[in-house]
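Since we're looking at a predicted model, the values are computed, not measured.
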Amino acid sequence: MAVLKFRVYFEEDDSVYRDVVVKHNQHFLELHQVILKAYEFDNKHQATFFRSNDHWQRGREISLEKYDREYKVPPLLMSETTIGSEIKDPNQKFVYLYDFIKNWYFLVELINVSKEENSKLEYPAVLKSESIGPSQYGTRGLIGDKLAEVEEKYDLNRSAEGFSEVGEETGDLDPEEEIGPEEDMSLE
C-alpha cells in the first residue's frame, strides 16, 4: 500500500512547515485532521482543499462540506474522496484553506511516495515540525529553553546601566541641594 508524504507549508512563511504521511487510500478528511493537529489548530471551522499546480493556482475543490455559496463545479467532499484518487502528478500540490473568516492558507506538496508502511506509525501521522507555527487565536510565545536563551542574550534579568528600578535612589542629586538661580533652566 502506497504511503504519501506531504510537506505542508504555512503560506505566509515557507520556512514554517510540517511533514505528514498518509496512506493513498485514506480520505482528505484525514489529511485535513492531521494538518490541524500538526499546526495545533482546533477543528471548529470550515475548510477546503484545492487541487493545484506548480504555480499554486486553485483547481478542483475538495471541501469539508458543501457550503452555501456559488460553485462553478460542485466540490468533491473530503469524507468521500481518497487522496490517491486526486494525485495526478508525482509532485502534486494542493492549496488548503482553513477558517474562511481568518483565511489560514497552507501549501501542501507531495514530496515522497513509498511502497512500504512503517509499522510503528499510526496513519495519518506528523513526521517533522520545522519552526514555530502560527497561533490560531493570538500570539505564540517562546517557551522553555528558547526563552532562557533570549533572557541570557539580552540580559533581561538586570536593569540596564543608567536606568534604575522604581523606588531606587540614583545618587545623582542630594535631596538637600537646592537648584540656584544660575542653574534654573526655566524661561521667564
Side-chain angles (χ1 to χ4, degrees), residues 1-140:
M1 182 172 305
V3 175
L4 308 171
K5 182 177 181 180
F6 289 97
R7 179 154 291 165
V8 183
Y9 297 97
F10 176 48
E11 185 194 38
E12 293 181 22
D13 183 355
D14 64 2
S15 69
V16 177
Y17 65 86
R18 307 292 184 257
D19 288 350
V20 299
V21 288
V22 293
K23 295 178 185 175
H24 80 284
N25 62 352
Q26 289 183 299
H27 294 87
F28 275 90
L29 181 61
E30 290 152 303
L31 181 57
H32 155 75
Q33 291 166 341
V34 77
I35 291 171
L36 294 179
K37 178 182 173 186
Y39 280 96
E40 299 175 9
F41 280 21
D42 62 27
N43 195 0
K44 297 179 180 178
H45 302 283
Q46 299 171 325
T48 195
F49 286 92
F50 297 93
R51 195 179 323 128
S52 189
N53 60 16
D54 287 340
H55 303 291
W56 299 105
Q57 294 172 320
R58 295 190 219 171
R60 183 69 190 261
E61 189 170 351
I62 306 149
S63 192
L64 189 57
E65 58 187 69
K66 190 166 183 184
Y67 299 112
D68 189 24
R69 61 185 175 129
E70 221 175 282
Y71 293 98
K72 289 181 182 177
V73 177
L76 300 172
L77 295 177
M78 288 185 201
S79 59
E80 299 171 357
T81 309
T82 61
I83 299 163
S85 70
E86 294 303 305
I87 302 294
K88 311 293 184 195
D89 182 309
N91 297 332
Q92 182 67 54
K93 293 174 174 65
F94 298 95
V95 174
Y96 173 63
L97 170 60
Y98 180 68
D99 189 347
F100 296 174
I101 305 297
K102 298 234 180 185
N103 288 329
W104 292 104
Y105 280 99
F106 298 90
L107 307 177
V108 182
E109 181 177 12
L110 180 64
I111 59 171
N112 190 5
V113 178
S114 172
K115 290 183 179 179
E116 296 181 25
E117 289 181 36
N118 183 340
S119 60
K120 297 176 185 172
L121 284 179
E122 188 175 319
Y123 293 92
V126 180
L127 291 184
K128 181 178 181 180
S129 291
E130 186 64 38
S131 296
I132 297 173
S135 176
Q136 185 177 5
Y137 294 116
T139 59
R140 178 167 287 170

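Nearest heavy-atom pair, S63 versus P75, reported as atom, atom and distance to 0.1 Å: CB-CB, 3.9 Å. V3 and Y123 make their closest contact through CG1-CE2, 3.6 Å (heavy atoms, listed as atom of the first residue, atom of the second, distance).
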Apply side-chain contact (heavy atoms from CB on, under 4.5 Å) to L76 and R60, showing your working.
-> CA-CA 8 Å; L76 300 172; R60 183 69 190 261; 3.3 Å; yes

Give the C-alpha distance, both sets of side-chain angles, the deciding distance and a yes or no for ring-ring contact (aromatic ring centres under 6.0 Å, His included) between F94 and F106.
-> CA-CA 8 Å; F94 298 95; F106 298 90; over 10 Å; no

Run the numbers on R7 and E109 for salt bridge (charged side-chain N to carboxylate O under 4.0 Å, His left out), then give the verdict.
-> CA-CA 5 Å; R7 179 154 291 165; E109 181 177 12; over 6 Å; no

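Ring planes of Y137 and H45: tilted class, angle from 30 to 60°. Using cut-offs of 30° and 60° for the angle between ring planes, the F10 and Y39 rings count as tilted.
Annotation: side chain of K5 is in contact with side chain of D19 (closest heavy-atom distance under 4.5 Å). Within the 4.5 Å cutoff, the side chain of L127 has heavy atoms near those of the L121 side chain. L64 is listed as a side-chain neighbour of H32, based on a closest heavy-atom distance under 4.5 Å. Annotation: side chain of V16 is not in contact with side chain of I132 (no heavy-atom distance under 4.5 Å). You'll find the side chain of Q26 stays beyond 4.5 Å of the side chain of L4, heavy atoms only. Between V95 and W56, some side-chain heavy-atom pair lies under the 4.5 Å cut-off.
A side-chain donor-acceptor contact under 3.5 Å links S85 to the backbone of T82. Listed for the T48 side chain is no donor-acceptor partner under 3.5 Å among the backbone atoms of L97. Between the side chain of S52 and the main chain of Q57, a donor-acceptor pair closer than 3.5 Å is present. Between the side chain of R18 and the main chain of S129, no donor-acceptor pair closer than 3.5 Å is present.
In this structure, CG in L107 is found 14.5 Å from OH in Y17, a value given to the nearest 0.5 Å. Rounding to the nearest 0.5 Å gives a distance of 8.5 Å between CD of E30 and CG of N25. Between the CG atom in L31 and the CD1 atom in I83 there is a gap of 4.5 Å [rounded to 0.5 Å]. Interatomic distance, CD of Q92 versus CG of N53, reported as 9.0 Å (0.5 Å rounding). A distance of 6.0 Å separates CE in M1 from NE2 in H24, rounded to the nearest 0.5 Å. Between the CG atom in L110 and the CZ atom in F6 there is a gap of 5.0 Å [rounded to 0.5 Å].
Checked for salt-bridge contact, K23 and E117 meet the test: a charged N lies under 4.0 Å from a carboxylate O.
Here side-chain hydrogen bond (donor to acceptor under 3.5 Å, both in side chains) pairs that include residues 64-80, with residues two or more places apart or in two chains, are E61-R69.
Remark: E86 pairs with R51 by the salt bridge (charged side-chain N to carboxylate O under 4.0 Å, His left out) rule, at least two apart or across chains.
No hydrogens or angles considered: a donor-acceptor pair under 3.5 Å links the side chains of D42 and Y98.
Here the two rings, on F50 and Y96, have centers that are 6.0 Å apart or farther.
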